[in-house]
Amino acid sequence: MASPQIDVDEIVETLERIRQRGHSAHTVFRDWVNLMLFALQRRDDPYLEIVDDYCERGDMDHPEGQRSVDLFSKAFGQLQERMAATDADVLGAVYEEYGMSSDAFGQHFTPHTVCEMMSEIAGVTGESETDGRQTVLDPACGSGRMLLVAGRKQPDALLFGQDKDPLCARMTALNCCFLNLDAYIIQGDSLTVEFQRAWQTSYSALGGSVRELDDEEVSELREWVTDAFENTVEDSNDPNPEQQRAASTEDRTAPVATSVPSEQASLDAFESSD
């Protein structure tokens, strides 16, 4: 069930209108997530491939504003409004609520209140107690709810999320983009250190941005994350505080730091496609 403090009925109702035209709930939700992600990256070709799937069903016979692509766009706007009002994981709440009647969903994420408590237990506070930039890692991030809580408490932190479910990884990337956070989101099994795909979200004064890393950048990110983890384990076994402080600030710069267009500048790509 969706978190009680987040009303997602309006968004679910919009997506349900698309489902009733002969699609499965899982397909509609997956396509909605992909459309948003492709639009924000200005990737026209895969975006239009999804749009074409709905046009082929005679969907363009509906009046403007009632076509499936229009409803997808409407749901996007509703999502943005709810996130601005709650500053929470609305996308994950829609996933839980909309997927209750679908066998293809079946995942429920950590409640927001528990995420808040776990963040406090982990020591993620408003002010970093370390000299360097604080990093937060969630190896099974789901929709990214824990990372969003950490990002609110420590906006300057660098966030890392990983999940083997492709849809969850995409939801986390969108969430970090929406809330204007610096993050790397990895699709792959964290237990086997498997990196299949990855996205980078970046903060800017104009709003968040997101881009998918290429194969070389994914390999570089995997190497950097592995080295950083091994260094952290070694530091925890080192009794010398001075060496620990030095290790926490040296060689911890993320490997990819490319500037990409802001989220606001990318929204036109979603709204202008027919």
Side-chain angles (χ1 to χ4, degrees), residues 2-3 6 8 29-30 32-34 36-37 40-41 79 83 86-99 105-124 133-203 208-213 217-218 221-222 224-226 228-229 232 254-256 263:
S3 298
I6 302 178
V8 298
F29 187 86
R30 181 201 63 202
W32 181 49
V33 167
N34 284 330
M36 290 187 288
L37 193 56
L40 293 172
Q41 296 177 92
L79 174 66
M83 292 198 72
T86 63
D87 203 28
D89 174 26
V90 180
L91 185 57
V94 174
Y95 176 94
E96 293 171 312
E97 184 72 25
Y98 191 50
F105 283 68
Q107 294 193 58
H108 296 277
F109 305 126
T110 306
H112 287 82
T113 52
V114 176
C115 290
E116 294 279 355
M117 179 185 67
M118 293 177 66
S119 177
E120 293 179 4
I121 292 175
V124 181
R133 187 182 193 186
Q134 189 171 26
T135 58
V136 179
L137 170 65
D138 187 346
C141 60
S143 59
R145 194 167 291 176
M146 286 286 296
L147 297 177
L148 300 189
V149 171
R152 287 202 309 270
K153 293 178 176 293
Q154 183 57 257
D156 294 332
L158 180 59
L159 309 177
F160 290 86
Q162 184 164 354
D163 203 288
K164 65 180 181 180
D165 186 313
L167 186 54
C168 286
R170 286 170 169 81
M171 282 194 288
T172 301
L174 283 171
N175 271 332
C176 290
C177 174
F178 292 152
L179 293 189
N180 204 7
L181 300 171
D182 285 333
Y184 289 96
I185 310 304
I186 302 149
Q187 175 190 324
D189 192 334
S190 59
L191 294 178
T192 58
V193 199
E194 177 188 19
F195 283 39
Q196 296 176 348
R197 306 174 75 168
W199 292 264
Q200 177 195 10
T201 66
S202 302
Y203 166 87
S209 59
V210 59
R211 75 182 188 94
E212 184 172 356
L213 305 186
E217 290 170 327
V218 171
L221 179 64
R222 181 184 183 280
W224 182 84
V225 170
T226 303
F229 175 77
T232 301
V256 182
E263 172 198 342

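Keep in mind that the numbers below use all heavy atoms, side chains included, and drop hydrogens, waters and symmetry copies.
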Summary of salt bridge (Lys or Arg N to Asp or Glu O under 4.0 Å) pairs that have at least one residue in residues 160-188, sequence neighbours excluded: R133-D182
Flag, side chain of E97 to backbone of A93, donor-acceptor distance under 3.5 Å: no
Residues which pass salt bridge (Lys or Arg N to Asp or Glu O under 4.0 Å) with R222, listed by chain and number, not counting sequence neighbours: none
Within-4.5 Å side-chain heavy-atom neighbours: V218 and I186: no
M36 to L79 - nearest heavy-atom pair and separation: SD-CD2, 3.8 Å
Distance-minimising heavy-atom pair for L40 and C177: CD1-SG, 4.1 Å
Side-chain heavy atoms of V8 within contact of V90, under 4.5 Å: yes
side-chain hydrogen bond (donor to acceptor under 3.5 Å, both in side chains) involving S143 - partner list, sequence neighbours excluded: D89
Nearest-0.5 Å distance that lies between atom NZ in K153 and atom CG in L148: 13.0 Å
V210 versus Q41, closest heavy-atom pair with distance: O-CG, 3.4 Å
Residues in ring-ring contact (aromatic ring centres under 6.0 Å, His included) contact with F195, at least two apart in sequence or another chain: none
Side-chain heavy-atom pair C115, F109 within 4.5 angstrom cut-off: no
Residues that Q196 engages under side-chain hydrogen bond (donor to acceptor under 3.5 Å, both in side chains), provided they are two or more places apart: Q187, E194
N/O donor-acceptor pair under 3.5 Å between T172 side chain and G142 backbone: yes
Side-chain heavy-atom pair T135, Y184 within 4.5 angstrom cut-off: no
Spatial distance of atom CG (L159) from atom CG (L147) [nearest 0.5 Å]: 5.5 Å
Donor-acceptor under 3.5 Å (T201 side chain, A183 main chain): yes
Distance in Å, F160 CZ paired with L221 CG, rounded so as to fall on 0.5 Å steps: 6.0 Å
Atom pair CG/CE of L174 and M83 - distance to nearest 0.5 Å: 9.0 Å
Parallel, tilted or perpendicular: rings of F29 and Y95 (30°, 60°): perpendicular
Any donor-acceptor pair under 3.5 Å from S202 side chain to S209 backbone: no
Under 3.5 Å: donor-acceptor pair, side chain of Q134, backbone of D156: no
Point-to-point distance, once rounded to the nearest 0.5 Å, from CD of E212 to CZ of R197: 4.0 Å
R152 side chain near D87 side chain, heavy-atom distance below 4.5 Å: yes
Minimum-distance pair of heavy atoms, taken over all atoms of A169 and I185: O-CG2, 3.3 Å
Step-by-step side-chain hydrogen bond (donor to acceptor under 3.5 Å, both in side chains) determination, Q200 to R211: CA-CA 6 Å; Q200 177 195 10; R211 75 182 188 94; 3.2 Å; yes
Nearest non-hydrogen partners of S190 and P139, listed with the distance: OG-O, 3.0 Å
